[in-house]
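Below: one structure, written as structure tokens.
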There are 2 protein chains.
Amino acid sequence: MTKSDRQISERTKSEAKTTAILSGAMKEFLQNGYAGTSMDKVAKSARVSKATVYSHFGDKENLFNAVMQDLVKDKFQQVMSLEKPQSLEQDPQVVLSGMMTKMLANIQNNRSFQDFMRIIIGESGRFPELAKAYVNNVAKPTIEILTKYLKSHPALELADPEATVRVMMGTMVYFVMLQEMLHGKDIVPLEGDRVIKTLTDLITEG
Amino acid sequence: MTKSDRQISERTKSEAKTTAILSGAMKEFLQNGYAGTSMDKVAKSARVSKATVYSHFGDKENLFNAVMQDLVKDKFQQVMSLEKPQSLEQDPQVVLSGMMTKMLANIQNNRSFQDFMRIIIGESGRFPELAKAYVNNVAKPTIEILTKYLKSHPALELADPEATVRVMMGTMVYFVMLQEMLHGKDIVPLEGDRVIKTLTDLITEG
DNA sequence: GTCTATAGATCGATAGAC
DNA sequence: GTCTATCGATCTATAGAC
């Protein structure tokens, strides 16, 4: 083994640790929030020593931001993958209701996405820049894609597509938030399909 | 001063401490969340000793629940006060848009309400019973009042008033959440009036 | 780079004086 | 009932060996 081989091997090992730390920290932060997560827990979850965590990420706040920026980048990719399937479907009513059904299914049984939203909202007071990163890289692209779609269908005769998109997104987000995140499923039960049908009808029969 | 006078005086003092502790704890919990708030901070904020906090509320979790139940009760009263002003207005379009304008104004510049929502959502994973208390005592009554109103106006010809109410509430909540709580005001700017007009038109021109 | 061991501060909670 | 003082655990972060 040459000297440069050893360098590569060690760099690879170090990068593997970085990944393990990010992964362990992600699990802990999503589960317990920023203040509720200790660096000991992170180290244990990543199966490295606490000193290694510090040598890779400096301090707790920096690690938290790294984890969350990774997650934001992840959600950005997911949003962008919604761009292509502008299906050949012509009927906006079918397309809209199909889009929302898909969105709802993707979120409703996705615990880790709900944990992500919980952290973004819960820590938005103490980490405003994190919240802004979410708005810039997740909410804004989603709004733009939906607005672009609504605008490309003048047959809908929407007076204000931008505001209409907010109605759509708000309806979906609030539904998942109330039923799942806030555990309202059994207290104020409601079928997601009813909400989607109502919203679709409101928009297409305006 | 008789013995019973002294008892009254001391009971009054003790009750004043209870109030001070609840008030100080409320400030701290709303600002820093559950894990981010220490009992030392609470004691300092309430200007009592830490031992007094413990003698009144047992432990931290109990104090947190007491504070949040107080807040939930508060919001419940606010929701209920919306019941009466079923104005003499006949035009649902005017009533709806007026109601939502009022709701938005009440929330949009209300930092403490936003902090409250942040905690409810942020802690809903570790305090599911608190989230359920919110749904039972704030979200559900609001939904019921709005549903009752929509149902009392058959002229609106709504196919599904229950689901329509979710669209309304989701739109309002998401708007405030994105613009204010998540600091999106400058990133995805939008006039609240446009959202209200769009929503009102969708519902009344359906 | 990674570990063990530990410093120094702060945590939740309590004992004991008044 | 309320305080000061303190306990033991846990916290963030680092020093020093390998």
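Per chain, numbering begins at 1; letters A, B, ... match sequence-line order.
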Reading DNA chain D from 5' to 3', where do the contacts with chain A start and stop? Cut-off is 4.0 Å to heavy atoms.
D/dC11 to D/dA15
Does any residue of residues 43-62 of chain A have a heavy atom under 4.0 Å from DNA chain C, and if so, which ones, in number order?
A/Val48, A/Ser49, A/Ala51, A/Thr52, A/His56
Compare all side-chain heavy atoms of A/Met68 with those of A/Ile120 and state whether any distance is below 4.5 angstrom.
yes
Side-chain atoms of residues 165-174 of chain A: list all donor-acceptor pairs with protein atoms under 3.5 Å, sequence neighbours left out, distances to 0.1 Å.
{"unit_1": "A/Arg166", "atom_1": "NH1", "unit_2": "B/Gln179", "atom_2": "OE1", "d": "2.8"}
{"unit_1": "A/Arg166", "atom_1": "NH2", "unit_2": "B/Val188", "atom_2": "O", "d": "2.8"}
{"unit_1": "A/Thr171", "atom_1": "OG1", "unit_2": "A/Val167", "atom_2": "O", "d": "2.7"}

Step by step, work out the salt bridge (Lys or Arg N to Asp or Glu O under 4.0 Å) result for A/Lys73 and A/Asp70.
CA-CA 5 Å; A/Lys73 206 173 288 182; A/Asp70 262 24; 5.2 Å; no
Roughly, in whole Å, what's the span from OH in B/Tyr34 to C1' in C/dC11?
12 Å
A/Lys75 to A/Phe116 six-membered ring, cation-pi geometry met (6.0 Å, 45°)
yes
According to the ring pair (Phe, Tyr, Trp, His ring centres under 6.0 Å) rule, which pairs have a member within residues 11-62 of chain A, sequence neighbours left out?
A/Phe29-A/Phe64, A/Tyr34-A/Phe64, A/Tyr34-A/Phe127
Sequence neighbours left out, what pairs pass salt bridge (Lys or Arg N to Asp or Glu O under 4.0 Å) with at least one residue falling in residues 45-56 of chain A?
A/Asp40-A/Lys50
Side chain to side chain contact (heavy atoms under 4.5 Å, CB included) partners for A/Ile187, two or more places apart:
B/Lys132, B/Val135, B/Asn136, B/Lys140
Using atom NZ of B/Lys41 as one end and atom C1' of C/dA9 as the other, report the distance to the nearest whole Å.
13 Å
When B/Asn137 is tested against each of B/Val72, B/Thr142, B/Asp74 for side chain to side chain contact (heavy atoms under 4.5 Å, CB included), which residue passes?
B/Val72
B/Leu63 CG to C/dG12 P: how many Å, rounded?
11 Å
Mind checking if A/Thr37 touches a base, just sugar-phosphate, or nothing, with heavy atoms under 4.0 Å?
sugar-phosphate
